Amino acid sequence: MSNVSHIAVIGAGTMGSGIALTSALAGKKCTLIDVQAPQLENARSYHEKQLSKLVAKEKLTSEEASHAQSLLDYTTEMSDASSADWAIEAATENVEVKKKLFQLMRDAFGEDVVLATNTSSISISDLASAVEGAEQRVIGMHFFNPVPVMKLVEVIKGANTSEATTNATVELSEGLGKIPVPANDFAGFVSNRVLMPMINEAFHAWDDGVADPEAIDSIMKLGCAFPMGPLRLADYIGLDVCRDIMMVMYNGLNENPKYLPNQKLVDLVEAGKLGDKSGSGVYDYKKE
Ligand code: CAA
């Protein structure tokens, strides 16, 4: 399991693209897989743009940037990555979608390939139950956005994850320049158990008229040294993702009503206002 050289990343959204870029910058070959070709094109543009920025900032030579780009492959077919020695699922935060993908991953990759998931809240043991016989190779490897910048990988073992899988995950995370920190397999783990209720409370404060979004964000930035205010961060993460994580915690933590998503958050999602990725959310990002 050690000496990983080829990572398959399934899902070319924000997180998958970031994981792929981070892998290539660490010298790993990385195949990015998505059923939607336009997502792969967006990922490729993101990679080209970020690598050019690193060259412009003299953090990489143009040869190093070309080498990193040459390590990245983009495909709609999982079978194109059958020689991968590690797999990370970074698809949409939906338990049924992820379970189906895990079955495809088990069948596509070698028998000792670790099947990691970048889920931000779904139970690892539950996902592992979809791949009978391979449960010991399933683990949570939760990255943070923007992946090339954020240092953490939250590492979550399922009930049947083997020690070898856990040790290899710690080793790979460090090899990608990250700091792995363990958390137990509860809905939302640590990061979202703490972050999402705070974001949700910011929506309640807005909804109750405590302050407008700009003031809420300024107060948390200036008074609590947050790099982004909670409502700006919600747009950055994706309002649909925030709502979905709250629902995973509501369902997974005894239907405690404190985890129900705020109605304003739900209304924005239902209106298609998902944050940065849709051009508007709490704030409007459309260019004049
Ligand atoms: N990809 C790669 N690099 C990026 C990037 C991206 N998408 N966005 C920013 N960067 C880099 C920039 O190139 C810049 O690099 P240098 O320092 O080398 O110049 C650096 O990050 C800082 O960027 P900026 O100067 O443009 O802007 P900033 O100083 O305002 O920082 C930020 C931007 C890093 C996003 C900062 O605002 C921040 O840390 N925000 C909070 C992010 C956060 O909380 N993320 C976790 C979200 S929760 C999650 O991901 C998990 C989940 O389950 C929901």
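All heavy atoms count here, side chains included; hydrogens, waters and symmetry mates do not. Predicted model only: the values in this text are computed from it and were never measured. Atoms within a ligand are numbered from 1 in the order they appear, just like the ligands themselves.
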Checklist entry - Tell me, which pairs form a ring pair (Phe, Tyr, Trp, His ring centres under 6.0 Å) where one or both residues lie in residues 127-179, sequence neighbours left out? => result His142-Phe144

Checklist entry - So is Pro148 close enough to ligand 1, meaning a heavy atom under 4.0 angstrom away? => result yes

Checklist entry - Hey, does Asn192 sit under 4.0 Å from ligand 1 if you only count heavy atoms? => result yes

Item to check | Pair listing, salt bridge (charged side-chain N to carboxylate O under 4.0 Å, His left out) test, anchored in residues 38-57, at least two apart | outcome: Glu41-Arg44

Proximity of [X] to ligand 1 by residue part, where a heavy atom lies under 4.0 Å:
X      : result
Met150 : side chain
Leu195 : side chain
Tyr236 : side chain
Leu21  : neither
Ile237 : side chain

Checklist entry - Which of the numbered atoms in ligand 1 are below 4.0 angstrom from a heavy atom of Lys57? => result 12 (C), 13 (O), 14 (C), 15 (O), 16 (P), 18 (O), 19 (O)

Checklist entry - Are any of the side-chain heavy atoms of Pro197 and Lys258 separated by less than 4.5 Å? => result no

Checklist entry - Which residue holds the protein heavy atom closest to atom 50 (O) of ligand 1, what is that atom called, and what is the gap in Å? => result Asn145 N, 2.9 Å

Checklist entry - Identify the closest protein heavy atom to atom 38 (C) of ligand 1: which residue and atom is it, and at what distance? => result Pro227 CB, 3.7 Å

Next on the checklist: Classify the ring geometry of Tyr283 against Tyr285: parallel below 30°, tilted from 30° to 60°, perpendicular beyond 60°.
Outcome noted: perpendicular

Next on the checklist: Does Asp284, at its CG atom, have more than 12 non-hydrogen atoms belonging to other residues, nucleotides or ligands within less than 6.0 Å?
Outcome noted: yes

